[in-house]
Every structure is written in C-alpha cells, then in structure tokens.
Amino acid sequence: MKAIAIRQYGGPEAVEYVELPDPKVGPDSVLVRVRAAGVNPVDWKVREGYLDAVMDVHFPLVMGWDMAGVVERVGPAVTEFRPGDEVIGYVRKDAVEHGTYAELVSAPVRCLARKPPSLDWAQAGGLPLAGLTAYQGLVKALRVRAGETVLVHAAAGGVGGFAVQIAAALGARVIGTASERNHAYLRSLGAEPVAYGEGLAERVRALAPQGVDAAYDLVGGDAVEVSLGLVADPSRIASVANHEVLAAGGHYVFVRADGADLAALGELVETGKVRVTVASTFPLAQAASAQALSAEGRTRGKIVLMVD
C-alpha cells in the first residue's frame with residue numbers, strides 16, 4: 001500500500017510518501033480501504049516528537065488518527081461490521097505506528113462507527129478526532145445541560161466548530177472566542193462571538209453578566225485563568241491544551257477512541273444538528289503541505305487528505 005510515513009522525528013522534510021506492506025488484521029479488527037483521512041494539529045506534533053514521552057512510537061511511523069473508508073475484510077471475532085460497510089474511525093492504538101495516512105488501515109472495532117450517509121468522504125474523514133474531542137469534553141467532562149451558558153475558547157477551529165454546534169444541540173447558550181474575521185462564521189454555527197485577547201473576561205460579562213456555567217479551552221495560553229474568573233465552579237472548566245486545569249479543579253481532555261460516542265456524534269450529524277466544514281483537501285501525497293497549513297493555526301474547519 002501507499003502511505004505517508006516518517007523514519008525519524010523532524011519537520012516537514014521528514015514526511016515521506018512510501019510503499020509499505022499491507023497491514024495485518026487482528027481478531028478484533030477490520031481492514032478498511034481509506035477514502036479520506038483528517039489532518040489535525042496533533043499529527044505534526046507527533047511528527048516532531050512532542051508525544052514521545054507519553055506514547056510508544058515505532059518507526060517507520062504512518063501518521064494520522066482520523067479516517068473514513070470501506071471495510072474490505074473483518075477479523076474472525078468481528079460481528080459488528082462486514083465487507084462493504086462504510087465506516088468512520090478515530091484509530092488510536094496503544095502504540096503510534098500504523099496510522100490512517102494510508103490506502104489501508106487495520107482498525108480495532110472499538111474505534112469505529114458507521115459513516116453518516118449524509119456526509120461525503122471529505123466531511124466524514126474530518127469528523128472523528130475533532131468531533132469526539134468536542135463531544136467528550138462537553139458531554140462527559142463538563143456535563144453540559146439545557147439552559148446553561150457555555151464559553152468555548154477558539155470556537156472557529158476544527159474542534160471549536162464542533163463544540164459550538166454540540167453545545168447548542170444540548171440546549172446551551174454558546175459564547176465563542178475567535179478573531180473578528182470569523183465572527184459571522186460563529187453566528188452561523190449558533191454562537192455569540194467575542195474577540196479573544198486582553199479584556200476577554202469583560203467582553204464575556206457584557207454578554208453574560210453573571211458569568212458562564214462552563215468553559216472549554218481549546219487553545220491554551222491564559223484561557224483557563226480567564227475561565228476561572230467567569231465560572232462559579234472550577235470543575236466546570238475543561239481544557240485540551242493546559243494540564244494546569246487539573247490543579248485548578250477542572251478536567252484535562254485527551255480524546256479516547258469510543259465507537260458509541262462516535263455513533264452518537266454521527267446521529268447529531270444525521271439529524272442536522274452538527275455539520276462538518278471542510279476548509280481544504282489535499283491528495284495523500286501532499287500530506288506535508290496539509291500539515292504545514294494545519295500548523296499555521298488559522299484554518300476555519302477541517303483539513304482532509306483524499307486517498308485515491
């Protein structure tokens with residue numbers, strides 16, 4: 001199979017378009033022919049070695065954790081899927097080696113759900129990681145309820161766009177931070193936009209004088225500190241970017257592979273409550289360029305690799 005791999009940590013120059021053996025299919029896994037693979041900031045961070053301290057890594061390392069594709073073969077213990085099924089997956093395994101930037105991926109069934117029929121391949125490939133991060137942070141960590149007010153930091157990004165829509169689908173009022181060029185986009189998703197930067201707390205209180213019920217930090221920096229001044233209960237703060245949220249009494253969110261959560265996310269898509277915005281697509285061979293765009297941190301929506 002063709003795949004995008006690295007043989008050592010490094011910058012974009014480390015990325016190679018290579019031929020590798022087809023993956024084996026374990027008893028609890030399925031072989032998926034990938035049609036699209038999402039590109040996420042964690043991908044270039046893996047490439048540069050930022051996750052080496054917390055995850056086993058083996059080279060050559062095929063990058064990527066997001067994918068959408070068609071089941072080609074199932075393992076002997078698998079009853080949930082069969083060849084021909086269209087699936088989406090957040091394929092994170094115990095070791096980082098066999099990722100989704102490839103023509104084929106062997107995916108444990110716990111990582112998969114059926115592809116929402118209304119999505120095209122690019123949209124489906126961009127949904128799992130970012131969508132699950134938003135869903136698990138809001139539903140499981142923050143336990144957002146109808147009638148509450150939720151602050152989403154970096155609301156126009158890949159995860160933020162999903163977080164706004166999911167919070168709104170839960171019945172919450174959503175205030176989202178973004179640059180002014182993205183304010184109309186946030187309104188279209190169901191959020192009340194505010195500019196980030198100095199004076200953010202005051203701008204939020206102008207919209208919600210009593211503060212907010214929960215805050216989700218998707219950017220880092222001083223977002224947790226600002227949130228502490230706006231949320232009455234620090235256990236209603238979650239962050240994907242700042243471990244210090246734990247010392248403050250909040251939640252650190254590192255997305256987990258969960259087929260049931262992914263199916264619930266797909267149902268939100270099919271009922272029209274969540275849409276997937278694709279910012280850019282690239283051929284698989286141009287993964288380095290896609291990661292460079294992701295690293296700029298200014299993309300509205302998802303970047304996706306298309307696998308021919």
Side-chain angles (χ1 to χ4, degrees), residues 1-6 15-26 28-44 46-47 58 60-75 78 80-93 95-132 158 255 257 259 262-263 265-266 269 276 278-291 293-294 302-308:
M1 69 173 184
K2 294 290 188 181
I4 296 293
I6 58 173
V15 175
E16 299 181 46
Y17 185 50
V18 298
E19 186 84 29
L20 292 174
D22 292 354
K24 297 179 180 179
V25 182
D28 300 303
S29 296
V30 303
L31 184 68
V32 179
R33 183 161 294 277
V34 179
R35 298 292 300 273
V39 176
N40 299 283
V42 70
D43 297 341
W44 62 262
V46 166
R47 186 196 71 209
H58 305 290
L61 184 162
V62 177
M63 289 178 290
W65 283 339
D66 262 347
M67 70 90 196
V70 181
V71 174
E72 287 213 342
R73 191 164 77 248
V74 303
V78 174
E80 297 89 339
F81 301 99
R82 60 185 181 182
D85 285 345
E86 296 182 347
V87 295
I88 56 175
Y90 168 49
V91 189
R92 196 185 84 214
K93 304 175 184 178
V96 181
E97 181 179 8
H98 302 296
T100 59
Y101 286 17
E103 293 177 326
L104 295 167
V105 63
S106 178
V109 291
R110 62 181 170 81
C111 300
L112 301 175
R114 296 186 183 278
K115 171 184 169 292
S118 64
L119 297 184
D120 62 27
W121 286 114
Q123 292 169 320
L127 176 64
L129 189 155
L132 281 177
V255 61
L262 196 54
L265 188 62
V269 170
V276 183
V278 176
S280 304
T281 61
F282 292 79
L284 179 64
Q286 295 179 20
S289 296
Q291 288 188 353
L293 181 60
S294 173
K302 293 296 303 177
I303 302 168
V304 180
L305 298 175
M306 304 305 297
V307 184
D308 188 354

| Heavy atoms, side chains only, cut-off 4.5 Å: are Leu262 and Leu112 in contact? | no
| query | Which value, rounded to the nearest 0.5 Å, describes the distance between Asp85 atom CG and Glu80 atom CD? | reply | 11.0 Å
| remark: Heavy-atom closest pair (Thr100 atom, Val62 atom, distance to 0.1 Å) is N-CG1, 4.4 Å
| field | Nearest heavy-atom neighbours spanning Val105 and Gly99 | value | CG2-O, 3.7 Å
| note | Closest non-hydrogen contact found for Ser29 with Ser106 is CB-OG, 3.6 Å
| said: Tell me whether Lys2 is salt-bridged to Glu19, with the criterion being a basic N under 4.0 Å from an acidic carboxylate O. | reply: yes
| Contact check, side chains of Val39 and Ser280, non-hydrogen atoms, under 4.5 Å | no
| note | When every non-hydrogen atom of Leu132 is compared with those of Leu265, the smallest separation belongs to N-CD2, 3.7 Å
| note | Output for pair (Trp44 CH2, Leu293 CG), nearest 0.5 Å, gives 12.5 Å
| field | Beyond-backbone contact of Val91 with Pro108, side-chain heavy atoms, under 4.5 angstrom | value | yes
| query | Can you check whether Met1's main-chain N or O pairs, donor with acceptor, with Asp22's side chain at less than 3.5 Å? | reply | yes
| Beyond-backbone contact of Pro128 with Arg92, side-chain heavy atoms, under 4.5 angstrom | no
| query | Going from CD on Glu86 to CH2 on Trp121, what distance comes out if it is rounded to the nearest 0.5 angstrom? | reply | 4.0 Å
| request: Kindly give the heavy-atom pair with the smallest separation between Val269 and Ser118, and that separation in Å. | output: CG1-OG, 3.8 Å
| field | Heavy-atom pair of closest approach, residues Leu284 and Tyr17 | value | CD2-CE1, 4.0 Å
| field | Interatomic spacing from NZ in Lys302 to OG1 in Thr281 - rounded to 0.5 Å | value | 13.5 Å
Could you tabulate the donor-acceptor pairs under 3.5 Å formed by side-chain atoms of residues 63-75, not counting sequence neighbours?
unit_1: Asp66; atom_1: OD1; unit_2: Leu129; atom_2: N; d: 2.6
unit_1: Asp66; atom_1: OD2; unit_2: Asn40; atom_2: ND2; d: 3.1
unit_1: Glu72; atom_1: OE2; unit_2: Arg33; atom_2: NE; d: 2.5

| field | Spacing of Lys24 atom NZ and Leu31 atom CG [to the nearest 0.5 Å] | value | 13.5 Å
| task | To the nearest 0.5 angstrom, please state how far the CD1 atom of Ile303 sits from the CD atom of Gln291. | result | 9.5 Å
